[in-house]
A.B. asks: 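Just dropping this structure here.
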Amino acid sequence: MANLFGILSWSSTSLQAQTARTATANHNLANANTDGYSRQRAELEATRPAEMEGANYLGRGAGLLAVSQARDPLVERQLAHVLGGSARSDAQAHALEGLSSLDPDGGAGLVNALDGFYGALRQLGQAPGDLGSRQATVAAAQQAALAFNRASQGVTGQRSAIDVDLAARATRVNGLAQSLAELNRAVRIDSAAGGTPNDLLDARQKVQDELVALTGASVVPDSDGNVNLLLPNGGGALVSGNRAATLSTQSDPANGGHLAVWLTPVDGSPAGAVKPGGLGGAMGGLLDARDGALLTAQTSLDTLAFDWATAVNTQHRAGFGLDNVSNRDLFAVSATTNGAAASLSVLAAVAGDPRQLAAASSANAPGDAGNLFGLVQTESAALSAGQDVFDGIAAAIAGYGSAVETARTSSARDGAVKDQLFSLRESTSGVSVDEELVALTTAQRGYEAIMKVLQTTDQMLQTLLDLKK
């Protein structure tokens with residue numbers, strides 16, 4: 001039977017529900033600018049069962065059903081796929097854009113240095129016995145070698161910088177993976193108590209997003225409420241329940257000493273190198289840049305330096321210096337293409353004595369420039385790739401430029417998709433201050449109305465008690 005004491009009890013429950021709405025609106029407003037926060041809603045429902053009064057049902061007020069998160073599952077699933085791809089193309093583009101040593105317009109560029117070398121050879125042809133001209137030609141040869149050195153150092157320096165970045169990101173991944181494992185445990189415990197730990201879910205989502213962006217991992221929820229992360233292409237589990245794997249970096253002799261990424265599995269078994277394709281996200285993009293376009297550029301420079309220096313040396317050995325000695329190299333170059341651009345230099349003996357420059361085609365002929373003409377012809381001689389040295393440089397620069405442009409295009413495209421999905425997430429999960437103020441006012445009005453019910457009921461009770469006196 002409905003009675004005044006029942007109304008007081010039901011009103012108390014309803015006040016608690018309105019208080020929950022007020023607290024939730026306050027929590028939303030306080031976190032309106034908190035990164036990763038999702039708007040929450042206090043959901044009320046009519047108290048059941050209703051009170052039976054004869055043939056009629058009398059309501060028993062309202063109660064708090066749940067405090068839910070505003071999230072769009074479809075958007076969240078799409079973001080989990082897009083974040084890794086966007087971070088990968090963005091990291092690759094930035095890594096490739098950091099190299100400037102293949103710029104043909106720079107004053108110390110390869111094209112300018114080689115032009116200077118062949119210009120000096122032609123000038124020496126006017127007076128092959130002049131020591132000043134010989135010194136200038138040797139200096140031009142040194143500048144050409146230095147240009148190859150600088151170009152190579154630029155590429156290797158950028159690849160080494162990527163190694164430093166990879167190591168730092170691996171450390172960041174380890175910390176985040178451990179945090180995600182701990183959050184899985186906390187969410188599971190709190191959920192088992194019957195609640196929905198919204199703020200823990202937000203914290204876990206934020207960590208999950210960053211891990212996906214760093215590694216390209218796939219998100220695999222399980223029936224226990226955990227979020228598990230699996231590296232791409234069978235790279236292994238990064239997080240499984242409340243256990244996290246560990247990434248480390250080790251020097252790889254097969255890749256010039258550059259760092260390889262290793263994974264210690266979640267079960268603590270021995271670490272192993274992550275196989276190619278086993279990392280996506282930003283780390284995968286860095287590896288794409290380092291072992292893709294940058295490695296190709298390095299190989300092209302080494303091949304050009306080796307082939308060109310070999311061609312020049314072959315011709316130089318055919319000539320004679322002012323000391324009537326032949327069969328001498330002009331350049332010191334490595335025995336193979338590997339590292340040729342970085343190690344290229346003018347032979348120390350020639351650099352110290354320009355008289356050894358083999359300008360003549362025969363002995364005892366200081367005015368002979370016959371071999372100089374042969375050296376000049378190496379300018380247009382076809383090298384191993386079927387191109388002369390200038391065409392080879394142009395091809396290397398064009399190839400690298402194409403790789404940079406492709407990475408930029410991919411970064412812009414993937415970034416646009418990511419931004420669109422973030423906008424969709426924000427439209428669903430973001431906090432609108434105006435809406436929360438309206439919700440706060442509505443809760444306040446509801447609270448005041450229930451207080452009026454309590455006051456009226458109290459007066460009715462007082463009247464009833466007065467009648468019994």
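In this text the structure is predicted, and so the values were computed from the model without any measurement. Position 1 is the first residue of the sequence; numbering continues from there.
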A.B. asks: Do the side chains of Lys206 and Asp35 get close enough for a salt bridge, i.e. N-O under 4.0 angstrom?
C.D. replies: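 Yes.
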A.B. asks: What is the distance from atom CG of Leu247 to atom OG1 of Thr264, rounded to the nearest 0.5 Å?
C.D. replies: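 Between Leu247 CG and Thr264 OG1, I get 8.5 Å after rounding to 0.5 Å.
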A.B. asks: Do Ile393 and Leu301 come within less than 4.5 Å of each other through their side chains, counting heavy atoms only?
C.D. replies: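 They are not in contact (no side-chain heavy atoms under 4.5 Å apart), so the answer is no.
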A.B. asks: Please give me the minimum heavy-atom distance between Ser384 and Thr303, naming the atom from each residue.
C.D. replies: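 Result for this residue pair: OG-CG2, 3.9 Å.
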A.B. asks: With a 4.0 Å cut-off, would you call Arg425 and Asp209 a salt bridge?
C.D. replies: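 Judged by the 4.0 Å cut-off on N to carboxylate O distance, Arg425 and Asp209 do form a salt bridge.
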A.B. asks: For Ser429 and Arg39, does a side-chain donor sit closer than 3.5 Å to a side-chain acceptor?
C.D. replies: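 The answer is no; no qualifying pair exists.
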A.B. asks: When you compare the side chain of Leu214 with that of Leu279, does any pair of heavy atoms fall below 4.5 Å?
C.D. replies: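 In short, these two side chains do not touch, never coming nearer than 4.5 Å.
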A.B. asks: Taking all atoms of both residues into account, what is the closest heavy-atom pair of Asp302 and Gly339, and its distance?
C.D. replies: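 It is OD2-N, 3.2 Å.
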A.B. asks: Taking all heavy atoms of Ser152 and all of Gln298, pick out the closest pair and write down the distance.
C.D. replies: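 Looking at all heavy atoms of both residues, the shortest contact is OG-NE2, 3.1 Å.
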A.B. asks: Relative to each other, are the rings of Phe331 and Trp308 parallel, tilted or perpendicular (30° and 60° limits)?
C.D. replies: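 Tilted, since the angle between the ring planes falls between 30° and 60°.
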A.B. asks: Regarding Asp414 and Ser89, is there a side-chain donor-to-acceptor distance under 3.5 Å anywhere?
C.D. replies: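 Yes, a side-chain donor-acceptor pair sits under 3.5 Å.
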A.B. asks: Does the distance from a Lys or Arg side-chain N to an Asp or Glu carboxylate O, for Glu43 and Arg21, drop under 4.0 Å?
C.D. replies: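 Not counted as a salt bridge, because no side-chain N and carboxylate O are separated by less than 4.0 Å.
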A.B. asks: Could you pull out all residues at least two apart from Gln69 that satisfy side-chain hydrogen bond (donor to acceptor under 3.5 Å, both in side chains)?
C.D. replies: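 Here the qualifying residues are Asp202.
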A.B. asks: Indicate whether the side chain of Tyr37 and that of Asp199 have a donor and an acceptor atom separated by less than 3.5 Å.
C.D. replies: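 Short answer, no.
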A.B. asks: Checking the side chain of Asn255 only, and the main-chain atoms of Gly257 only, is there a donor and an acceptor separated by less than 3.5 Å?
C.D. replies: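 No, because the side chain of Asn255 does not come within donor-acceptor range (under 3.5 Å) of the backbone of Gly257.
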A.B. asks: Under 4.0 Å between a side-chain nitrogen and a carboxylate oxygen: does that hold for Glu182 and Arg185?
C.D. replies: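 Arg185 and Glu182: not salt-bridged.
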A.B. asks: Of the non-hydrogen atoms in Ala341 and Ala305, which two are nearest, and what is the gap between them?
C.D. replies: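 Result for this residue pair: CA-CB, 3.6 Å.
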A.B. asks: Are Asp163 and His258 close enough that a side-chain donor and a side-chain acceptor fall under 3.5 Å?
C.D. replies: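 Yes.
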A.B. asks: Can you name the residues that form a side chain to side chain contact (heavy atoms under 4.5 Å, CB included) with Glu435, not counting sequence neighbours?
C.D. replies: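 Per chain and number, Glu435 pairs via side chain to side chain contact (heavy atoms under 4.5 Å, CB included) with Arg41, Ser432.
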A.B. asks: Which residues satisfy the side-chain hydrogen bond (donor to acceptor under 3.5 Å, both in side chains) test with Gln153, sequence neighbours excluded?
C.D. replies: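 Gln153 satisfies side-chain hydrogen bond (donor to acceptor under 3.5 Å, both in side chains) with no residue once adjacent residues are dropped.
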A.B. asks: So, the side chain of Arg159 versus the backbone of Arg290: is there a donor-acceptor pair under 3.5 Å, distance only?
C.D. replies: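 Yes, the answer is positive, given that a donor and an acceptor are paired below the 3.5 Å cut-off.
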A.B. asks: Please check if any side-chain donor atom of Ser411 sits under 3.5 Å from a side-chain acceptor atom of Asp90, or the reverse.
C.D. replies: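 Yes, a side-chain donor-acceptor pair sits under 3.5 Å.
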A.B. asks: Partners of Gln387 by side-chain hydrogen bond (donor to acceptor under 3.5 Å, both in side chains), sequence neighbours excluded?
C.D. replies: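 Not a single residue meets the side-chain hydrogen bond (donor to acceptor under 3.5 Å, both in side chains) criterion with Gln387.
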A.B. asks: Look at Asp288 together with Arg88 and state whether they make a salt bridge at an N to O cut-off of under 4.0 Å.
C.D. replies: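 Judged by the 4.0 Å cut-off on N to carboxylate O distance, Asp288 and Arg88 do form a salt bridge.
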A.B. asks: Can Thr296 and Tyr400 be counted as having a side-chain donor-acceptor contact under 3.5 angstrom?
C.D. replies: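 Side chains of Thr296 and Tyr400: no pair found under 3.5 Å.
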A.B. asks: Donor-acceptor check, side chain of Asn184 to backbone of Gly241, threshold 3.5 angstrom: yes or no?
C.D. replies: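 Pair found, side chain donor or acceptor close to backbone of Gly241.
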A.B. asks: Just list the side-chain donor-acceptor pairs under 3.5 Å for residues 217-226, sequence neighbours left out, or say none.
C.D. replies:
residue: Asp222; atom: OD1; partner: Asp224; partner atom: N; Å: 3.0
residue: Asp222; atom: OD1; partner: Gly225; partner atom: N; Å: 3.2
residue: Asp222; atom: OD1; partner: Asn226; partner atom: N; Å: 2.9
residue: Asp222; atom: OD2; partner: Asn226; partner atom: ND2; Å: 3.2
residue: Asp222; atom: OD2; partner: Asn228; partner atom: ND2; Å: 3.1
residue: Asn226; atom: OD1; partner: Arg188; partner atom: NH1; Å: 2.7

A.B. asks: I need the full list of side chain to side chain donor-acceptor pair (under 3.5 Å) pairs touching residues 332-353, with sequence neighbours left out, sorted by first then second residue.
C.D. replies: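 Residue pairs passing side chain to side chain donor-acceptor pair (under 3.5 Å), neighbours aside: none found.
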